[in-house]
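Here's the structure, in structure tokens; my notes come after.
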Amino acid sequence: MAERLRDEQIAFRVSNFEKDLIQHQYKESGIESFREFAVRLLSDGYILNIDTTQIHSYAYEVNKIGVNLNQIAHKINMLDKENPDMYLLKKDMEECLFLMNELTKIVRRHWMS
């Protein structure tokens with residue numbers, strides 16, 4: 001006991017309603033231990049929990065589109081390079097890949113902010 005890093009104890013009483021509210025907030029926070037939840041809440045004054053599931057689903061969809069575009073680009077590169085339509089198709093493909101990269105940058109900037 002003497003070698004513990006945290007040797008101080010804080011205790012206080014709450015009503016049943018307050019206890020239920022605190023327990024609900026603890027479960028919603030996603031923090032694994034109640035002690036960590038309480039220390040962070042009491043020392044920082046707030047706990048920030050950001051739901052990024054929608055951004056992850058967007059990133060997944062963008063990735064899948066990029067995979068499909070890369071497969072199409074691979075097929076295009078295997079075709080006859082002398083065909084005039086091939087040049088236009090390649091330019092369209094390059095534009096699609098450029099737009100995909102720009103979209104990825106926008107999603108990353110939004111996610112990081």
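Note that the structure is predicted; figures quoted are calculated from it, not measured. FYI, the numbering just counts along the sequence from 1.
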Inset, instruction - Before giving the answer on side-chain contact (heavy atoms from CB on, under 4.5 Å), spell out for Leu41 and Tyr26 the whole-Å C-alpha distance, their side-chain angles and the decisive distance to 0.1 Å. - result: CA-CA 10 Å; Leu41 183 61; Tyr26 163 58; over 6 Å; no

Legend entry - Partner residues of Ser15 under the side chain to side chain donor-acceptor pair (under 3.5 Å) criterion, sequence neighbours left out: Glu18

Could you list the donor-acceptor pairs under 3.5 angstrom formed between side-chain atoms of residues 60-74 and any protein atom two or more places apart in sequence or on another chain?
from	atom 1	to	atom 2	distance (Å)
Asn70	ND2	Gly66	O	3.3

Inset, instruction - Answer yes if Phe34 and Phe12 sit in the same cluster of Ile, Leu, Val, Met, Phe, Trp and Tyr residues linked by side chain heavy atoms under 4.5 Å apart, and no otherwise. - result: yes

Inset, instruction - To the nearest 0.5 Å, tell me how far Ile22 CD1 sits from Gln25 CD. - result: 7.0 Å

Legend entry - Interatomic distance, Glu28 atom CD to His24 atom NE2 [nearest 0.5 angstrom]: 4.0 Å

Inset, instruction - Please list all pairs passing the salt bridge (Lys or Arg N to Asp or Glu O under 4.0 Å) test where one or both residues lie in residues 94-107, with sequence neighbours left out. - result: Lys91-Glu94, Glu102-Lys105

Legend entry - Check: Phe37 and Glu32 side chains under 4.5 Å, non-hydrogen atoms: no

